[in-house]
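We count residues from 1, following the sequence as given.
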Amino acid sequence: MELSDANLQTLTEYLKKTLDPDPAIRRPAEKFLESVEGSQNYPLLLLTLLEKSQENVIKVCASVTFKNYIKRNWRIVEDEPNKICESDRIAIKANIVPLMLSSPEQIQKQLSDAISIIGREDFPQKWPDLLTEMVNRFQSGDFHVINGVLRTAHSLFKRYRHEFKSNELWTEIKLVLDAFALPLTNLFKATIELCSTHANDASALKVLFSSLILIAKLFYSLNFQDLPEFFEDNMETWMTNFHSLLTLDNKLLQTDDEEEAGLLELLKSQICDNAALYAQKYDEEFQPYLPRFVTAIWNLLVTTGQEMKYDLLVSNAIQFLASVCERPHYKHLFEDQNTLTSICEKVIVPNMEFRAADEEAFEDNSEEYIRRDLEGSDIDTRRRAACDLVRGLCKFFEGPVTGIFSGYVNSMLQEYAKNPSVNWKHKDAAIYLVTSLASKAQTQKHGITQANELVNLTEFFVNHIQPDLKSASVNEFPVLKADGIKYIMIFRNQVPKEQLLVSIPLLINHLQAESIVVHTYAAHALERLFTMRGTNNTTLITAAEMAPFVEVLLTNLFKALTLPGSSENEYIMKAIMRSFSLLQESIIPYIPSVITQLTQKLLAVSKNPSKPHFNHYMFESICLSIRITCKANPDAVGSFEEALFMVFTEILQNDVQEFIPYVFQVMSLLLEMHKNEIPSSYMALFPHLLQPVLWERTGNIPPLVRLLQAYLERGANTIASAAADKIPGLLGVFQKLIASKANDHQGFYLLNSIIEHMPPESVDQYRKQIFILLFQRLQNSKTTKFIKSFLVFINLYCVKYGALALQEIFDSIQPKMFGMVLEKIIIPEIQKVSGQVEKKICAVGITKILTECPPMMDTEYTKLWTPLLQALIGLFELPEDDTIPDEEHFIDIEDTPGYQTAFSQLAFAGKKEHDPVGQMVNNPRIHLAQSLHKLSTACPGRVPSMLSTSLNAEALQYLQGYLQAASVTLL
């Protein structure tokens with residue numbers, strides 16, 4: 001694409017169409033942009049548009065499109081085409097920083113993100129001048145420019161907060177500190193001075209405080225991994241200023257908005273974070289400053305209101321106290337009973353209250369409420385911070401703290417009892433307090449794993465939780481119902497099993513509650529209870545115990561999906577999946593209605609898939625229905641195909657990318673259920689599965705390979721007779737996969753199935769070419785993974801076609817090739833093969849080479865006979881060699897960059913492990929002994945003499961053991 005006005009005009013029109021709400025206009029425009037994004041100059045056209053376009057909406061749209069383009073394509077993935085040509089990369093890096101700094105804030109943010117994506121790949125090696133270019137802009141004095149630099153630096157350096165320590169990381173951070181720490185400190189001091197100068201100018205203060213927030217964030221990122229010498233030397237400057245900013249209160253910076261945090265709150269929150277970082281990690285160096293920070297933060301907490309805009313500040317301030325109080329050498333600050341009472345009364349209890357804002361979220365924004373409350377993304381809520389502070393205090397003062405709170409809990413419950421309909425929030429706070437007091441250690445999987453001995457959880461459950469759940473109406477006091485259900489969920493390991501069994505019908509009943517939070521919590525609690533393990537690793541709650549409730553459970557779960565706001569509720573769908581898994585054959589009578597409801601749901605969500613977890617559990621539930629029913633009645637597979645194929649066809653025709661990998665997995669499961677030939681409906685689809693476009697998407701590869709394997713297992717003869725013209729297409733897929741380091745093992749899965757199942761004559765003409773391709777790949781890039789797969793393949797070939805055929809095909813490619821493969825690959829590398837079935841295939845293959853290949857006995861290959869036997873005994877007896885050379889690091893398939901539908905394995909569509917030599921050989925050691933006996937009968941005297949001359953003593957001893965076990969001798 002040339003940089004021409006015509007192309008700019010075309011691009012403008014298509015970008016406009018991508019904003020159109022009508023999918024008929026929007027989708028083709030998105031497809032067009034996707035089709036041209038590989039063209040040279042495409043990113044430069046976008047940058048030109050966002051600089052020169054007269055329409056703001058086009059500028060913003062171009063900046064977002066550009067950022068997403070960079071996100072998808074900048075990283076260069078080994079074995080995959082480089083999507084951005086080098087000249088475009090150079091031009092982007094040369095222009096993007098000045099362009100970002102001169103753009104309006106909305107566009108600046110997008111470009112700043114793009115710079116950090118490029119930086120993650122190219123900085124510092126391939127973009128050495130980025131830092132200097134940024135630091136030089138600090139001199140400009142223009143805070144629009146300075147904030148642009150700070151924002152970019154923040155998005156570039158914030159990964160230091162969660163990267164693992166490594167030499168590369170240290171080198172990079174050192175480089176950044178050398179160039180950046182001093183200018184940042186000078187900018188910090190200058191900005192503070194400007195704040196005093198402009199103390200009465202509201203608009204100037206807004207810009208300056210935006211800078212201070214970014215500077216404070218950068219301070220956190222640069223100090224996270226270790227305490228840099230520079231910051232230790234300049235701690236006085238930073239900490240004194242941070243402290244004075246914490247105590248600052250400028251009326252001009254206060255906002256009227258009750259919900260949105262203002263600049264002052266955001267800055268103080270970040271300073272609390274910075275202080276907590278130093279208190280936790282660098283307590284010795286930070287000790288002189290700690291008492292004044294504790295005082296300042298305590299005062300902050302006591303004087304800050306309950307409005308939502310202070311939530312982040314209050315929670316960070318409490319987190320600071322929590323991190324200080326659990327360090328042994330700050331213990332003395334909290335020892336006094338009055339201090340503890342004061343913290344409990346003034347900080348913890350007020351911040352555990354259920355506020356109007358929480359109530360509003362509970363009713364109107366339930367998804368966000370659930371995310372924060374259940375999934376622990378409530379990291380910045382007051383309640384969560386107060387909870388952490390309780391846990392922190394309990395570390396050293398469990399007795400006194402429990403004592404203080406027990407009084408609060410009792411008085412709150414008394415208040416509630418006086419007038420439940422008015423005072424229900426008191427009970428809510430009481431339950432929350434008990435929960436935070438009782439739970440010492442918690443995991444997502446098991447709930448509470450350690451509890452406070454001083455709290456009687458079962459008694460509290462029976463007296464205060466059960467009555468709420470047993471009340472006649474599932475819709476009154478929804479918050480208390482949700483609290484009660486959450487209590488069961490959290491303390492499921494502490495409450496006795498009989499109480500859990502009493503709770504199950506109550507939970508099933510609450511699936512009908514109108515409140516989204518209540519029916520979601522009920523579904524989630526059931527799902528968690530169903531996964532609990534009892535003795536002997538069986539489920540704690542058995543299918544027999546659930547028998548009376550099966551019908552009402554399934555009815556209420558599917559009904560809950562029809563309640564407003566829950567049509568794609570992932571917790572309900574996960575509970576459906578878990579119920580199927582627990583109940584097994586008890587669900588068979590309900591399958592016809594269940595599968596109808598699941599296919600209708602599948603059809604509805606395939607129009608616009610937006611909830612990945614919901615979709616995943618839905619496909620898992622479909623797989624479970626198929627597995628459970630067909631286990632009892634294999635012929636039922638036809639009725640599932642009837643129910644599902646219409647929807648599947650629509651998904652494939654409409655190219656619903658998110659669902660295609662799932663559809664292939666379900667189809668594999670169905671096809672594997674067929675005992676005889678492949679039904680014609682599958683054969684009609686076969687040619688379409690070989691289309692190259694399907695194989696372009698990494699997420700499709702594993703399920704497509706498995707589906708083709710199912711075709712080969714069930715219908716190799718049909719393919720050979722009715723679709724022989726498709727065999728080159730099948731081998732084309734193998735050729736594509738084998739060329740990629742990330743997917744070569746999938747290529748071998750396919751090749752092994754072709755060799756194992758296709759009639760030999762149908763692949764005769766291609767055999768030599770297959771081996772040549774494999775040798776080319778071995779020469780070009782030999783990796784451990786490739787060698788392991790290659791060894792399994794050649795041994796499977798040997799098992800299938802015989803050792804002589806293997807030797808002949810090698811030697812037909814190049815004379816003496818067979819000997820080279822034995823000497824350079826099989827003998828030295830066989831120890832690397834892993835997996836029971838794989839090792840067995842290799843053992844049977846090598847046994848054939850040793851005992852059924854005449855050239856091994858009377859040509860120059862004979863010298864390799866004993867070393868090969870030695871290697872085979874090693875495969876049986878030595879530990880697996882799992883070393884991988886340093887230079888090899890595989891790209892994880894799931895780790896491809898950008899937004900691509902990654903492959904999600906369905907647990908319940910799992911494939912049974914297949915053993916191609918299972919019927920032929922049971923015990924490979926005994927098989928070796930019997931084969932050697934047979935060989936020695938054919939040529940008496942040869943085998944013992946070859947063994948006695950060069951097999952080492954230990955291997956010989958093992959071999960004697962095999963011969964004894966097989967009751968044979970060597971002649």
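- Between F157 and F224, the distance separating the two ring centers is not shorter than 6.0 angstrom.
- No option in K93, R159, K126, R75 other than R75 meets the salt bridge (charged side-chain N to carboxylate O under 4.0 Å, His left out) test with E121.
- Sorted by first and then second residue, the pairs that involve residues 312-338 and meet salt bridge (charged side-chain N to carboxylate O under 4.0 Å, His left out), not counting sequence neighbours, are D283-R327.
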side-chain contact (heavy atoms from CB on, under 4.5 Å) for F209 and T191? Distances and angles first, verdict last. CA-CA 8 Å; F209 267 76; T191 313; over 6 Å; no
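- Side-chain contact annotation: E236 with T240, donor-acceptor N/O pair under 3.5 Å present.
- S63 approaches Q110 most closely through the heavy-atom pair OG-CG, 3.5 Å.
- The backbone N or O of I192 sits nowhere less than 3.5 Å from a side-chain atom of N241 that would complete a donor-acceptor pair.
- Under a cut-off of 6.0 angstrom, the local environment of CD in E367 is sparse, with at most 12 non-hydrogen atoms contributed by other residues, nucleotides or ligands.
- Geometrically, R383 engages Y432 in a cation-pi contact, judged by NZ or CZ lying under 6.0 Å from the ring centre and within 45° of the ring axis.
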Going through the checks in order, is the salt bridge (charged side-chain N to carboxylate O under 4.0 Å, His left out) test met by D113 and K109? CA-CA 6 Å; D113 283 349; K109 281 183 174 156; over 6 Å; no
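- A salt bridge links K174 with D178; the closest basic N to acidic carboxylate O contact falls under 4.0 Å.
- No donor-acceptor distance shorter than 3.5 angstrom exists from the side chain of D122 to the backbone of W127, with no hydrogens or angles considered.
- To the nearest 0.5 Å, atom NZ of residue K309 and atom OG1 of residue T255 are 3.5 Å apart.
- No side-chain donor from either of N365 and E360 sits under 3.5 Å from a side-chain acceptor of the other.
- Although no hydrogens or angles enter the test, the distance criterion places no donor-acceptor pair under 3.5 Å between the side chain of H154 and the main chain of V149.
- Within the 4.5 Å cutoff, side-chain heavy atoms of L150 are placed close to those of L187.
- Between T381 and D373, the closest side-chain pair of non-hydrogen atoms is not below 4.5 Å.
- Minimum heavy-atom separation, A199 to L252: O-CD1, 3.4 Å.
- Under 3.5 Å, the side chains of Y369 and E363 contain no donor-acceptor pair of N or O atoms.
- Rounded to the nearest 0.5 Å, atoms CG (L11) and CG (L46) are 5.0 Å apart.
- In terms of heavy atoms, A114 sits closest to I70 at O-CG2, 4.0 Å.
- Between R355 and D311 there is a salt bridge, with a side-chain nitrogen of the basic residue lying less than 4.0 Å from a carboxylate oxygen of the acidic one.
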Give the intermediate values and the outcome of side-chain contact (heavy atoms from CB on, under 4.5 Å) for residues F66 and K71. CA-CA 9 Å; F66 176 78; K71 196 173 181 181; over 6 Å; no
side-chain contact (heavy atoms from CB on, under 4.5 Å) between R161 and Y220: does it pass, once the steps are laid out? CA-CA 8 Å; R161 302 174 180 196; Y220 189 87; 3.4 Å; yes
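- Judged purely by distance below 3.5 Å, without hydrogens or angles, the side chains of N147 and S211 pair a donor atom with an acceptor atom.
- Residues K427 and F477 form no side-chain contact, since every pair of their non-hydrogen atoms from C-beta on lies 4.5 Å or further apart.
- Although no hydrogens or angles enter the test, the distance criterion places no donor-acceptor pair under 3.5 Å between the side chain of N234 and the main chain of T237.
- Side chains of Q254 and D249: a donor-acceptor N/O pair is present below 3.5 angstrom, by distance only.
- Note that K268 lies outside the cation-pi zone of F242, set by a 6.0 Å cut-off to the ring centre and a 45° limit from the axis.
- Aromatic ring pairs are classed by plane angle as parallel below 30°, tilted from 30° to 60° and perpendicular above 60°; the pair W238 and F219 is tilted.
- A donor atom on one side chain and an acceptor atom on the other are not found under 3.5 Å apart for R382 and S315.
- Looking only at side-chain heavy atoms (C-beta outward), Q270 and L212 stay at 4.5 Å or farther from each other.
- Between the side chains of D226 and Y282, no donor-acceptor pair of N or O atoms lies under 3.5 Å.
- Taking each heavy atom of H243 and A296 in turn, the nearest pair found is NE2-CB, 3.8 Å.
- E258 is not listed as a side-chain neighbour of M308, based on a closest heavy-atom distance of 4.5 Å or more.
- Closest non-hydrogen pair, R120 versus L156, comes out as N-CD1, 4.4 Å.
- Residues L246 and C272 meet the side-chain proximity criterion, which asks for heavy atoms closer than 4.5 Å.
- Using a 4.5 Å heavy-atom cutoff, the side chains of L45 and L49 are not in contact.
- L50 contributes atom CG, which lies 10.5 Å from atom CG of L15 (distance to the nearest 0.5 angstrom).
- Judged purely by distance below 3.5 Å, without hydrogens or angles, the side chains of T18 and D20 never pair a donor atom with an acceptor atom.
- Closest approach of L169 to F164, counting heavy atoms only: CD2-O, 3.5 Å.
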Evaluate I348 against F405 for side-chain contact (heavy atoms from CB on, under 4.5 Å), listing each step before the verdict. CA-CA 10 Å; I348 293 171; F405 279 140; 3.6 Å; yes
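- Two residues are said to be in side-chain contact when any heavy atoms from C-beta on lie closer than 4.5 Å; E105 and R151 meet this criterion.
- No more than 12 heavy atoms of other residues, nucleotides or ligands lie within 6.0 Å of CD in Q106, so this atom counts as exposed by the packing criterion.
- Distance CD1/I370 to OG1/T520: 4.0 Å, rounded to 0.5 Å.
- Distance check: L266 CG to L313 CG gives 9.0 Å after rounding to the nearest 0.5 Å.
- Aromatic ring pairs are classed by plane angle as parallel below 30°, tilted from 30° to 60° and perpendicular above 60°; the pair F320 and F293 is tilted.
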